[in-house]
Amino acid sequence: VDSAGYESSPSIQIVAEPRYLGPVWYVDAENGSGFGEGSIADAFREIQDAIDAADEGDTVMVLPGTYDRFGDRELKFAVENQNTGSITPKNIVLFARDGPDSTILDGEDNKQLFTIDTQNDTTLKIIGFTIQNGGGDFGGAAVSVAGVYVGQTNGNDNYNPSGAVFENCVIKDTHTQGPAILVENGGGAIFRNCIVKNNSIGKFPSGVNELHGAGVKVQQQGKLLLDRTKILDNYTNNQDGNFEYHKGSGVYADNSVIYIVNSLIAGNYANDQFTGIYVFGSGLYAWNSEVVMINSTITDNQGVEESQAFN
């Protein structure tokens, strides 16, 4: 009723609860919920749910804990259009609040942890995790960064690149038939202030007599920057008694580009029951590749007895 005594008709009322909209989305393995909204008071339980809720440029804040559920593995950073099937990359910051000592992504020896193959770029940042016990069947057992094949020009393969930056991460204890980290098909990855340690690669399927790239493997126009990063104690491992070539137990490159800046490659080695084998570059092996080293050290990488080693 106004001052003149007129009364309006009733308005249409809408009652709704406010919805959390970020831009920081929280994940808590211990106290989060499968039905959480992503706020600090009602966190998600699994990391992929938070990635899916986030928008481009948002931050997913992961609280301390061990993340080993279904939605904590084979993490993808993209949006799929349900009508057209097209995929749009989603570049966010995935951040472990308390760092790698207390925030662990565990593949339990049977799952890859990161699958980055949707034309992401290096504004996708993954910061502060221990990434362990990878077990992916294809690509990198723990981390895979790959571009998208788009055809050939004059017999040369062309790729649309994908990329990511890993900072302050520890990638360790992956023991499979694939490298812990694989960068390939025009993909690009930066590892800054990271440690890649104690990963091994076992005998390949029958008919292949090479073991290579237990720590990091870069191939098919891949691009890698190791910046203030340590590649330590990774090893190629042949226990079946058949002859094998061992190449690049720490870092292996084929038809790729690698920059190694203020970094250390040390203590990588070949392990083999067969004597008289050949070991090439236990620390770093590069074939048909561009390698740029600045203020870095490669030291104390080992072959086996009666081997031919270049370390």
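Computed from a predicted structure; not experimentally measured.
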Relative to each other, are the rings of F114 and F166 parallel, tilted or perpendicular (30° and 60° limits)?
-> perpendicular
Mind checking whether I127 and V24 sit in one hydrophobic cluster, side chains of I, L, V, M, F, W, Y counted as touching below 4.5 Å?
-> yes
Is V292 linked to V251 within one hydrophobic cluster, defined over Ile, Leu, Val, Met, Phe, Trp and Tyr using a side-chain heavy-atom separation of less than 4.5 Å?
-> no
Enter the distance from L113:CG to E74:CD here, rounded to the nearest 0.5 Å.
-> 9.0 Å
So CG of L284 and CD1 of I298: to nearest 0.5 Å the spacing works out to 4.5 Å
Below 4.5 Å, heavy atoms only, C-beta onward: do T103 and T130 meet side chain to side chain?
-> no
Verify whether one side chain among D52 and Q48 offers a donor that lies under 3.5 Å from an acceptor in the other.
-> yes
Taking all heavy atoms of P23 and all of D58, pick out the closest pair and write down the distance.
-> O-CB, 3.2 Å
N237 and I201, any side-chain heavy atoms less than 4.5 Å apart | no
Smallest separation among heavy atoms of I171 and A142, with atom names = CG2-CB, 4.2 Å
Linked, directly or transitively: V143 and I51 (ILVMFWY side chains, under 4.5 Å) | yes
Any side-chain heavy atom of L232 within less than 4.5 Å of one from L264?
-> yes
Apply side-chain contact (heavy atoms from CB on, under 4.5 Å) to H246 and D272, showing your working.
-> CA-CA 9 Å; H246 295 255; D272 204 308; 2.6 Å; yes
Output yes when R19 and E37 qualify as a salt bridge under the 4.0 Å nitrogen-oxygen rule, no when they do not.
-> no
Do the side chain of N199 and the main chain of P179 share a donor and acceptor less than 3.5 angstrom apart?
-> no
Report the C-alpha distance between N120 and T118 in whole Å, list the side-chain angles of each, state the deciding distance to 0.1 Å, and finish with yes or no for side chain to side chain donor-acceptor pair (under 3.5 Å).
-> CA-CA 6 Å; N120 300 89; T118 50; 2.7 Å; yes
Does any N or O in the side chain of Q112 come within less than 3.5 Å of the main-chain N or O of G134, such that one atom is a donor and the other an acceptor?
-> no
Around K111, counting heavy atoms of other residues, nucleotides and ligands shown, do more than 12 lie under 6.0 Å from its NZ?
-> no
Heavy-atom distance under 4.5 Å between the side chains of I126 and I116, does that happen here?
-> yes
I would like to know whether Q152 and N154 meet side chain to side chain donor-acceptor pair (under 3.5 Å); could you show each step before the answer?
-> CA-CA 6 Å; Q152 287 190 334; N154 298 324; over 6 Å; no
Give a yes or no on whether F191 and F95 share a hydrophobic cluster (residues Ile, Leu, Val, Met, Phe, Trp, Tyr; joining criterion: side-chain heavy atoms under 4.5 Å apart).
-> yes
Using modelled atom types only, decide if a donor and an acceptor are shared between the side chain of S86 and the backbone of T84 within a distance under 3.5 Å.
-> no
Just by distance, with hydrogens left out, do E108 and N133 show a side-chain donor and acceptor under 3.5 Å apart?
-> no
Could you tell me whether the side chain of N295 and the main chain of V261 form a donor-acceptor pair under 3.5 Å?
-> no
Check whether any side-chain heavy atom of V93 lies under 4.5 Å from a side-chain heavy atom of V60, and answer yes or no.
-> no
Minimum side-chain heavy-atom gap Y259-I294 below 4.5 Å = no
Note: Y159 and Q220 closest approach over all heavy atoms is CE1-O, 4.1 Å
Is D49 reaching over with its side chain to a backbone N or O of I47, donor-acceptor style, under 3.5 angstrom?
-> no
Which atom names give the shortest non-hydrogen contact between Q119 and S162, and what distance separates them?
-> N-OG, 2.7 Å
Residue pair T123 / D121, side-chain donor-acceptor N/O under 3.5 Å = yes
Are any side-chain N or O atoms of N158 and backbone N or O atoms of V150, one a donor and one an acceptor, separated by less than 3.5 Å?
-> no
Please confirm whether the backbone N or O of Q302 pairs with a side-chain atom of S282, one donor and one acceptor, at under 3.5 Å?
-> yes
Let me see the working for W25 and I92 under side-chain contact (heavy atoms from CB on, under 4.5 Å), right down to the final yes or no.
-> CA-CA 11 Å; W25 305 86; I92 65 170; over 6 Å; no
Inter-residue atom distance I40.CD1 - Y20.OH, 0.5 Å rounding | 8.0 Å
Does the ring-ring contact (aromatic ring centres under 6.0 Å, His included) test come out yes or no for F129 and Y67, once each step is laid out?
-> CA-CA 10 Å; F129 294 90; Y67 291 83; 7.7 Å; no
Minimum heavy-atom distance between S289 and N255, given as atom pair plus value = OG-N, 3.0 Å
According to a 4.5 Å side-chain heavy-atom criterion applied to Ile, Leu, Val, Met, Phe, Trp and Tyr, with indirect links allowed, do V145 and L75 form part of one hydrophobic cluster?
-> yes
When rounded to the nearest 0.5 angstrom, what is the spacing between CG in L63 and CZ in F44?
-> 12.5 Å
Can you find a pair of side-chain heavy atoms, one from N301 and one from I265, that are under 4.5 Å apart?
-> yes
Distance-only, no hydrogens or angles: does the D42 side chain make a donor-acceptor pair with backbone N or O of S39 under 3.5 Å?
-> no
If you measure from CD1 on I260 to CD1 on I258, what distance do you get to the nearest 0.5 Å?
-> 5.5 Å
S200 side-chain N/O to H175 backbone N/O, donor-acceptor pair under 3.5 Å | no
Would you give the length of the straight line joining atom NZ of K197 to atom OG1 of T174, rounded to the nearest 0.5 angstrom?
-> 12.5 Å
V165 and L124: CA distance, side-chain angles, deciding distance, side-chain contact (heavy atoms from CB on, under 4.5 Å) verdict = CA-CA 6 Å; V165 177; L124 170 60; over 6 Å; no
Hey, are T236 and S249 close enough side-chain-wise for a donor-acceptor pair under 3.5 Å?
-> yes
M61 and L94: side-chain contact (heavy atoms from CB on, under 4.5 Å), yes or no, with the steps?
-> CA-CA 6 Å; M61 183 74 69; L94 180 64; over 6 Å; no
With a 4.5 Å heavy-atom cut-off, do S263 and I231 have their side chains touching?
-> no
Does K223 use its side chain to pair, donor to acceptor, with the backbone of S256 at less than 3.5 Å?
-> no
Shortest non-hydrogen contact from D233 toward Y269 = O-CE2, 4.3 Å
Sidechain N-carboxylate O distance under 4.0 Å for R192, E167 | yes
Could you go through the ring-ring contact (aromatic ring centres under 6.0 Å, His included) check for Y252 and W287 one step at a time?
-> CA-CA 8 Å; Y252 174 93; W287 175 262; 9.8 Å; no
I would like to know whether K76 and D117 meet salt bridge (Lys or Arg N to Asp or Glu O under 4.0 Å); could you show each step before the answer?
-> CA-CA 8 Å; K76 284 183 170 288; D117 59 0; 2.9 Å; yes
